[in-house]
Amino acid sequence: MGSASDDGRDRDAEGRARSARPRDGLGRPLPYGADGVERQPEGVVRTPEETVDEAQVLLEAGKPFHAHEVFEDAWKSGPEEERALWRGLAQLAVGLTHAARGNLTGGARLLRRGAGAVEEWGAQAGQARPYGMELPELVAWARELAGVVERDEAAVDAGAWAPRLRGSKA
């Protein structure tokens, strides 16, 4: 990953501060030396279809934090007119991450914020199914989960609540 700098902070190969601590499946830092989940590489440029496919696999594996990083890559590397879509999808993944970690208020807020962003992008772009994704279903899923998290006041199972980006299971 990198090494510690003079200030004691972990640094990546370019010298940017970046924790070298291993992380669990929800992205929480673990103690140095612990077995963690392999991190998603950052800055990967994928096609939109590859982004959706990879994020779906991670979501179904109960790794929404990692799916967020895939969406973030698309948000940062994709065309300007799609950045709000990918940012909204990243917010949905982070909302699920927080809901699974037990940060119920933050999870519900991010789920609703991401739902609003995805819904707004779809309306402005005139697209309900970009790259095969079913935006109305994703929006409904996020709002339902936000309500469940607030009502039940309990962390959720990220894998069990993973959305189907391309629509309901057959």
Side-chain angles (χ1 to χ4, degrees), residues 23-28 36-79 81-170:
R23 296 190 175 258
D24 71 6
L26 292 173
R28 292 177 289 218
V37 172
E38 188 173 339
R39 289 182 165 192
Q40 284 300 115
E42 290 184 34
V44 176
V45 177
R46 301 169 186 85
T47 67
E49 292 81 3
E50 290 169 338
T51 295
V52 174
D53 290 344
E54 188 166 346
Q56 186 67 66
V57 168
L58 292 165
L59 289 165
E60 289 175 1
K63 299 176 182 176
F65 177 82
H66 298 80
H68 143 266
E69 292 180 336
V70 170
F71 287 135
E72 190 173 272
D73 284 341
W75 153 24
K76 291 179 177 179
S77 68
E81 62 272 10
E82 291 184 1
R83 289 195 176 152
L85 168 65
W86 300 113
R87 185 174 50 245
L89 292 167
Q91 288 171 334
L92 293 179
V94 172
L96 177 55
T97 300
H98 283 289
R101 288 178 177 177
N103 175 0
L104 308 178
T105 301
R109 278 191 190 134
L110 278 164
L111 286 162
R112 286 196 177 97
R113 184 180 307 149
V118 167
E119 185 174 53
E120 181 179 340
W121 182 89
Q124 289 179 351
Q127 295 187 49
R129 298 190 74 244
Y131 309 111
M133 291 185 286
E134 297 286 345
L135 299 188
E137 285 187 27
L138 281 171
V139 168
W141 162 84
R143 290 180 175 148
E144 177 188 4
L145 179 53
V148 166
V149 166
E150 290 172 333
R151 181 192 71 225
D152 294 351
E153 297 181 347
V156 299
D157 179 312
W161 272 98
R164 294 289 308 156
L165 300 173
R166 291 196 171 106
S168 300
K169 294 177 183 176

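Note that the structure is a prediction, hence the values are computed from the model and not measured.
The side-chain hydrogen bond (donor to acceptor under 3.5 Å, both in side chains) search around Glu54 returns Gln40, Arg46, not counting sequence neighbours. Evaluation of the side-chain hydrogen bond (donor to acceptor under 3.5 Å, both in side chains) rule for His66 yields no partner, not counting sequence neighbours. A search for side-chain contact (heavy atoms from CB on, under 4.5 Å) contacts involving Ala125 returns Trp121, Gln127, not counting sequence neighbours. Scored by the side-chain contact (heavy atoms from CB on, under 4.5 Å) test, Arg101 finds Leu26, Arg28, Phe65, Thr97, His98 as partners (sequence neighbours excluded). The side-chain hydrogen bond (donor to acceptor under 3.5 Å, both in side chains) search around Glu134 returns Arg129, not counting sequence neighbours.
Atoms CD and CG, on Glu72 and Leu89 in that order, are 12.5 Å from each other to the nearest 0.5 Å. In this structure, CZ in Arg87 is found 6.0 Å from CH2 in Trp75, a value given to the nearest 0.5 Å. If you take CZ on Phe71 and CG on Leu58, they are separated by 9.0 Å, rounding to the nearest 0.5 Å. The OG atom of Ser77 lies 10.0 Å from the CD atom of Glu82; values are rounded to the nearest 0.5 Å. Note that the OH atom of Tyr131 and the OG1 atom of Thr51 stand 9.0 Å from one another [nearest 0.5 Å]. Interatomic distance, CG of Asn103 versus CG of Leu110, reported as 8.0 Å (0.5 Å rounding).
Nearest heavy atoms, Val139 versus Ala115: CG2-O, 3.6 Å. Among all heavy-atom pairs drawn from Ala99 and Val149, the shortest one is CB-CG2, 3.7 Å. Nearest heavy-atom pair across Ala128 and Pro130 is C-CD, 3.4 Å. Shortest non-hydrogen contact noted between Val156 and Leu96 is CG2-CD1, 4.2 Å. The two residues Gly88 and Val118 come nearest to each other via the heavy atoms C-CG2, 3.7 Å. Nearest heavy-atom pair, Ala100 versus Ala158, reported as atom, atom and distance to 0.1 Å: CB-CB, 3.8 Å.
A donor-acceptor pair under 3.5 Å is absent between the side-chain atoms of Glu60 and the main chain of Gly159, judged by distance alone. Of the possible donor and acceptor atoms, one in the side chain of Trp141 sits under 3.5 Å from a partner among the backbone N and O of Trp161.
Within the structure, every pair that satisfies the salt bridge (Lys or Arg N to Asp or Glu O under 4.0 Å) test and touches residues 144-160, not counting sequence neighbours, is listed here: Arg112-Glu150.
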**Report entry** side chain to side chain contact (heavy atoms under 4.5 Å, CB included) evaluation trace for Leu85 with Leu135
**Finding:** CA-CA 10 Å; Leu85 168 65; Leu135 299 188; 4.1 Å; yes
Requested in this report: Show your reasoning for whether salt bridge (Lys or Arg N to Asp or Glu O under 4.0 Å) applies to Glu119 and Arg143.
Outcome: CA-CA 11 Å; Glu119 185 174 53; Arg143 290 180 175 148; 2.9 Å; yes
Requested in this report: For Lys63 and Val37, run side chain to side chain contact (heavy atoms under 4.5 Å, CB included): C-alpha distance rounded to whole Å, both residues' side-chain angles, the deciding distance at 0.1 Å, then the answer.
Outcome: CA-CA 9 Å; Lys63 299 176 182 176; Val37 172; 3.7 Å; yes
Query raised in the report: Should Asp53 and Leu165 be marked as a side chain to side chain contact (heavy atoms under 4.5 Å, CB included) after you check the CA-CA gap, both sets of side-chain angles, and the distance that decides it?
Result: CA-CA 9 Å; Asp53 290 344; Leu165 300 173; over 6 Å; no
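Heavy atoms of other residues, nucleotides or ligands lying less than 6.0 angstrom from CZ of Arg166 number more than 12. A 6.0 Å sphere centred on CD of Glu49 holds more than 12 heavy atoms belonging to other residues, nucleotides or ligands.
Taking the side chain as every heavy atom from C-beta outward, Pro163 and Leu92 never approach each other to under 4.5 Å.
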